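I have placed the structure first, in the form of structure tokens, so that the comments after it can refer back to it.
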Number of protein chains: 2
Amino acid sequence: MGERNPMSMAERADGAVELHAHQGQTVGVGLNAVVVAFDDAGPRVLLANSGEEGMPALPSGPLEAEHRTLEAGVRSWVERQTGQPLGFVEQLYTFGDKSRPGTRRFVSIAYLALVRGAADERPAAGWADLYAHFPYEDWRDGAPGSIALLREDLQDWAEDAGSGTKRGRLARIASAFGEDGQRWNEERVLERYELLYEAGLVAEAGRDRGCAVRARADTGVPLALDHRRMLATAIGRLRAKIKYRPVLFELMPDEFTLFDLQRIAEALSGVRLHKPNFRRLMESQGLIEETGRLSTQTGGRPAKLFRYRPEITMERPGETA
Amino acid sequence: MGERNPMSMAERADGAVELHAHQGQTVGVGLNAVVVAFDDAGPRVLLANSGEEGMPALPSGPLEAEHRTLEAGVRSWVERQTGQPLGFVEQLYTFGDKSRPGTRRFVSIAYLALVRGAADERPAAGWADLYAHFPYEDWRDGAPGSIALLREDLQDWAEDAGSGTKRGRLARIASAFGEDGQRWNEERVLERYELLYEAGLVAEAGRDRGCAVRARADTGVPLALDHRRMLATAIGRLRAKIKYRPVLFELMPDEFTLFDLQRIAEALSGVRLHKPNFRRLMESQGLIEETGRLSTQTGGRPAKLFRYRPEITMERPGETA
DNA sequence: GTACTTATGCTCATATCTAGCATAAGCCGG
DNA sequence: CCGGCTTATGCTAGATATGAGCATAAGTAC
């Protein structure tokens with residue numbers, strides 16, 4: 001229980017904590033970052049080394065006195081741990097449930113960050129394939145192979161319950177995985193992950209409850225603590241946000257083709273888009289302009305290069321959720 | 001920086017109430033609630049008494065050991081301070097900037113809550129008129145009287161700056177207040193409040209900086225600390241959310257007419273809606289059903305009474321942002 | 001030059017949103 | 001009982017956005 005166990009504040013709490021708890025508790029505040037980028041291999045997430053059971057973890061650290069703002073604290077920790085400076089940063093969610101009775105409470109404030117380029121430019125940092133942690137979220141080449149098995153596993157879990165619970169579970173499964181009639185809603189990433197967790201189909205569930213995982217389907221590479229839940233929250237938020245805010249450009253280089261843009265939109269949302277429509281949408285919004293140059297890297301007809309016009313957007317960073 | 005261990009949150013708990021990080025940081029975690037309801041007089045927000053300069057404050061209190069979850073902590077504090085039990089609760093944002101050098105850091109987790117009925121049923125609690133704090137946000141009867149003067153005040157503030165800053169300020173004003181061409185976007189509540197704060201046009205700005213407020217326009221009743229900012233965040237989120245989630249029903253009685261529903265939607269969003277279109281939208285979504293009864297309270301033709309069908313929605317509470 | 005690849009532009013059908021108008025069905029004062 | 005008032009309810013035309021397919025342009029590889 002020593003230094004090796006990274007976020008084990010909970011276990012280290014001394015008795016004084018509980019004794020005086022009625023006064024308002026001893027609370028540790030942690031900052032976590034889901035840093036997303038994109039390279040030739042696809043969407044990536046930045047991971048730091050961790051101790052806990054060897055599972056990789058998000059970059060994170062405690063809130064410190066020098067941090068003028070929470071956001072500054074996140075930037076500082078990520079850069080210290082991975083060398084990666086952050087561009088766009090936005091608060092995601094604050095997690096603070098009491099983990100186990102008798103353990104010390106820990107509040108974790110999770111952030112989403114987007115950076116340009118990943119392994120290409122900064123191979124030192126620990127970039128991982130985003131979809132390695134959520135294989136069932138990638139529908140770019142049609143329904144993932146694991147999805148049928150996954151549904152069966154979930155079905156079994158629903159069957160195990162009493163009729164009341166069972167109906168509720170079936171409804172939630174249908175809503176999250178788009179079963180009857182409804183179609184796949186790519187934004188419900190967290191809903192899906194939570195179902196899998198409750199159903200005991202992800203490794204974290206087995207770890208936290210000390211029982212074996214009975215999943216036959218591939219439910220992805222686990223992360224330390226509740227970091228995969230944070231990642232799910234981040235992906236869901238990002239998938240929703242790219243539809244109404246120009247966040248995509250935070251991932252793009254200075255110059256790009258419309259198809260580059262589309263590839264990234266598809267990679268993040270996990271679904272294929274109709275090319276002419278995507279192009280029309282982008283051009284109609286007035287957020288980009290031609291640079292006048294062409295890209296000959298296409299393999300076919302050269303594509304016009306565009307640049308983002310940040311003047312258009314004057315969103316204030318941070319809490320504009 | 002003795003500890004290089006990236007995730008060394010393992011700091012000793014040393015005081016009864018707060019954590020001393022080795023950098024000397026102590027953190028208190030507070031919970032705040034923006035509780036919104038609706039009565040005959042319009043939209044209301046629940047306020048608790050406060051000490052600070054006599055300004056009213058949101059119900060709030062420190063996170064305690066008994067609170068199993070953050071949300072449970074919020075419910076507990078609101079009920080303790082105002083007697084009001086909460087229904088729908090959703091996390092809003094976590095504020096944690098260092099207020100003044102030398103002061104202890106405080107992290108505040110703000111929640112949005114919706115309850116049915118306000119002064120009607122529970123006159124003891126401190127319900128205040130929501131738009132008393134944001135008079136310029138109520139466009140139900142056309143542009144508020146203060147808006148022209150407000151724009152002039154903001155204009156003056158922009159003029160005061162150097163040309164670079166000035167352009168930025170003008171752009172932000174135009175974006176937030178919908179000046180040239182753009183029309184009023186009712187969701188940008190926080191953006192507007194922050195502009196007014198920066199421009200020194202709200203009482204909190206004068207209070208925090210110790211200088212006089214030069215506003216000629218009515219910029220609303222101030223709240224303690226940064227509570228009006230939280231309220232602005234809540235209103236913005238709520239205005240956005242009623243468009244794509246059935247949150248409106250959290251404010252409604254069991255039975256209501258379509259026009260009742262519309263009045264509340266208008267009260268929250270601060271703009272008038274087209275009656276036939278609102279009605280069509282509500283009826284097409286399948287979220288409500290007729291009870292078979294009629295309301296004769298209309299003053300004209302009696303209106304059909306409806307009830308909400310919660311079976312339809314199986315949103316998980318909490319983090320489904 | 002021919003085959004292949006990707007970019008780009010256009011059109012049509014379908015949903016959704018906006019706005020105005022017409023009718024229904026209660027109340028009220030005579 | 002009647003006309004005038006109020007509010008509820010229903011319909012429809014036009015504008016705008018979305019979804020999907022097809023035709024053409026302009027490079028590369030052989």
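Chain letters run A, B, ... following the sequence lines, proteins first and then strands; every chain starts at 1. Just so it is clear, the model here is predicted, and its values are computed rather than measured.
Atom pair A:H274:NE2 and D:dA17:P shows a separation of 18 Å (rounding to whole Å applied). In this structure, CG of B:L281 is placed 14 Å from C1' of C:dA15, rounded to the nearest angstrom. Per the geometry, CD belonging to A:Q262 stands 13 Å off P belonging to C:dT6, to the nearest Å. Taking atom CZ on A:F256 and atom P on C:dA7, their separation rounds to 14 Å, with Å as the unit. The CD-P distance, from B:Q297 to D:dA8, rounds to 12 Å in whole Å. To the nearest angstrom, P of D:dG21 lies 19 Å from CZ of A:F278. Whole-Å rounding puts the A:M282 CE to D:dT18 C1' distance at 14 Å.
In this view, A:S146 satisfies the side-chain hydrogen bond (donor to acceptor under 3.5 Å, both in side chains) rule with no residue, not counting sequence neighbours. When the side-chain hydrogen bond (donor to acceptor under 3.5 Å, both in side chains) test is applied to B:R239, the partners found at least two apart in sequence or on another chain are B:Y131, B:E137. Partners of B:T296 by side-chain hydrogen bond (donor to acceptor under 3.5 Å, both in side chains), not counting sequence neighbours: none found. In this view, A:Y111 and A:Q91 satisfy the side-chain hydrogen bond (donor to acceptor under 3.5 Å, both in side chains) rule, not counting sequence neighbours.
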Polar atoms only, N or O, under 3.5 Å: list the protein pairs with nucleotides 8-11 of chain C and their distances.
unit_1, atom_1, unit_2, atom_2, d
C:dT8, OP1, A:K304, N, 2.6
C:dT8, OP2, A:R279, NH2, 2.7

Show me, pair by pair, the donor-acceptor contacts under 3.5 angstrom made by side chains of residues 274-282 of chain A, not counting sequence neighbours?
unit_1, atom_1, unit_2, atom_2, d
A:N277, OD1, A:R280, NH2, 3.3

Under the salt bridge (Lys or Arg N to Asp or Glu O under 4.0 Å) rule, what do A:E289 and A:R307 come out as? Steps first, then yes or no, please.
-> CA-CA 6 Å; A:E289 63 189 357; A:R307 86 165 66 87; 3.0 Å; yes

